[in-house]
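Here is the structure we will look at, set down as structure tokens.
Note: hydrogens, waters and symmetry copies are ignored here, and every other heavy atom, side chains too, is used. Since we're looking at a predicted model, the values are computed, not measured. We count ligands from 1, going down the list as the structure has it; atoms in each ligand are counted the same way.
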Amino acid sequence: MLSDVNEFSRSGKVKEEQWGAFGPHIYYQAADVQNAKTYKEFSTRIKELEKEWKAPANVIYYLAVAPNFFPIIAENLAKAGLTEDAERTRIVIEKPFGHDLGSAKELNMLLGRIFQEKQIYRIDHYLGKETVQNIMAFRFANAIMEPLWNRNYIEHVQISVTESLGVGERTGYYDGSGALRDMIQNHLLQLLCIVAMEPPVSFSAEEVRDRKVDVLRAMRRFTPESVREQAVRGQYGPGWIEGKEVPGYREEPGANSQSNTETFAAVKFFVDNWRWHGVPFYLRTGKRLHRSASVITIQFKEVPHFIFPPETVDTMKQNRLVISIQPEMSIRLQVQAKRPGVEMMLNTVDMVFDYKGTYVSEAPEAYETLLLDVMLGDQTLFMRGDQVEEAWDLVMPILTSWQNRISQNFPNYSADSWGPEVAEALVAKDGFHWFTLPLNNKKQ
Ligand code: BG6
């Protein structure tokens, strides 16, 4: 562990005296999670340590394991009496939390029999990202945002998480999952909730999670017809990236050569409440795309009446708030301004808050934040059971429809593209296009 800390820690090499104090507290215990003996050994080890420390231990069971082991481990922990102290025992569950609504409910029920909700930490690592947490600060610590943050001023919202990597060695997991389950059901819908939620009364875990689940509950449910109109999918074929030939999804190691799994998904959602009625939220994600970037774009409505002559502007741009989550970490407000010169000419300029230019210290990794929160007992950035179920409930009609309707044209996009044409059509038919942050960010 020391050599890895030295290699990967964002604070550089560890100081000898610090490791000297910390290192001896690390133990390793080989374990067969299916064997009751393992849990007796855990119990003995915990008791020994408590004796040595002369204090009760806080115990966190962090299940970064294949999902089929979640129930086995939870039940075995319970049988061995290792889950009884609700104040000091916590369980962390990695994604995927369920495979569909039914399995998520089952897992929630099983965990609910053993643990109280306050002991269960369902991880969605997007919630630990610095720039994602900042959306709440931006929305709820500034008075100027709230009056604009609704259907009167906002025309549409885009949430786009594109990745340039392919599925690679992960086909074993991915082929039974696909982009909708892997990304939209959790990460992208969580981003949507933070953008769309009502202001919570306080920043307490329950308040924040209540307001987020309200959004999911308000989201318009799909019918088989609306799935066809509002949800599109894609799968990457072979191609070239930076001069290197890369395989298509069906040719990845271990992949099924007839696979119907989507590696790209784009969906138009609606939140049916007073704030958002009629405002489309377009979500898209995919692998092997032209660039890796996670960006939320809030596009505002046009000015009600344009007073300048048409020749003052090349292309009239509406105001946009662009929240860039990664790799660039910034918020930019795009506004129209007068270009310097004797004539009145307009162009778009950015008002930018950029992490690099503003802060010296590097932002912590999402997991750094989340695991510390588990230790501190703060559930604000974790998914509550009802949130997970609502998100599954929302996407189930799409999953079912896609499962029943084999895609005839897969693969339908090539590596290094922005995804299939149907994704462009999804927004184009509403008069929009997908927004991509220019690489140098100098101009649009
Ligand atoms: C994981 C998905 O949850 O998130 C992966 O299973 C995906 O398929 C990853 O690549 C993306 O996370 P990040 O932090 O790299 O954007």
What protein heavy atom sits nearest atom 15 (O) of ligand 1, and how far away is it?
Q326 NE2, 4.3 Å

Do the non-hydrogen side-chain atoms of Q235 and R250 ever get within less than 4.5 Å of each other?
yes

Taking S257 for the side chain and E251 for the main chain, is one N or O donor matched with an acceptor at less than 3.5 Å?
no

Answer yes or no on whether K129 is positioned over the face of Y126, meaning its NZ or CZ is under 6.0 Å from the six-membered ring centre and within 45° of the axis.
yes

Would you mind listing which atoms of ligand 1 come within a distance below 4.0 Å of any non-hydrogen atom of K95?
1 (C), 2 (C), 3 (O), 6 (O)

Could you tell me the residue and atom name of the protein heavy atom closest to atom 12 (O) of ligand 1, and the distance to it rounded to 0.1 Å?
H125 NE2, 3.2 Å

Any N or O of S294 that comes nearer than 3.5 Å to an N or O of ligand 1?
no

K129 heavy atoms, cut-off 4.0 Å: which ligand 1 atoms fall inside?
13 (P), 14 (O), 16 (O)

Applying a 4.0 Å heavy-atom criterion (strictly less than), which segment of Y126 is in contact with ligand 1: side chain, backbone, both, or neither?
side chain

Element-labelled atoms of ligand 1 that are located less than 4.0 Å from some non-hydrogen atom of H187
1 (C), 3 (O), 4 (O)

Hey, are the side chains of F264 and R233 touching, using non-hydrogen atoms and a 4.5 Å cut-off?
no

Under 3.5 Å side-chain donor-acceptor pair for Y61 and T89:
no

Which residue and heavy atom of the protein sit nearest atom 10 (O) of ligand 1, plus the separation:
E163 OE2, 2.5 Å

Kindly indicate whether a cation-pi arrangement holds for R220 with F270, taking the cut-offs as under 6.0 Å to the six-membered ring centre and within 45° of the axis.
yes

Are any of the N/O atoms on R170, whether in the backbone or the side chain, positioned under 3.5 angstrom from an N/O atom of ligand 1?
yes

Counting each atom of ligand 1 from 1 as listed, which ones have a heavy atom of K287 under 4.0 Å away?
5 (C), 7 (C), 8 (O), 10 (O)

Consider side-chain contact (heavy atoms from CB on, under 4.5 Å). Of L399, V388, L394, which one does Q185 pass it with?
V388

Does the gap between the ring centers of F353 and Y355 come in under 6.0 Å?
yes

Quick one: which ligand 1 atoms are inside 4.0 Å of a heavy atom on D182?
2 (C), 5 (C), 6 (O), 8 (O)

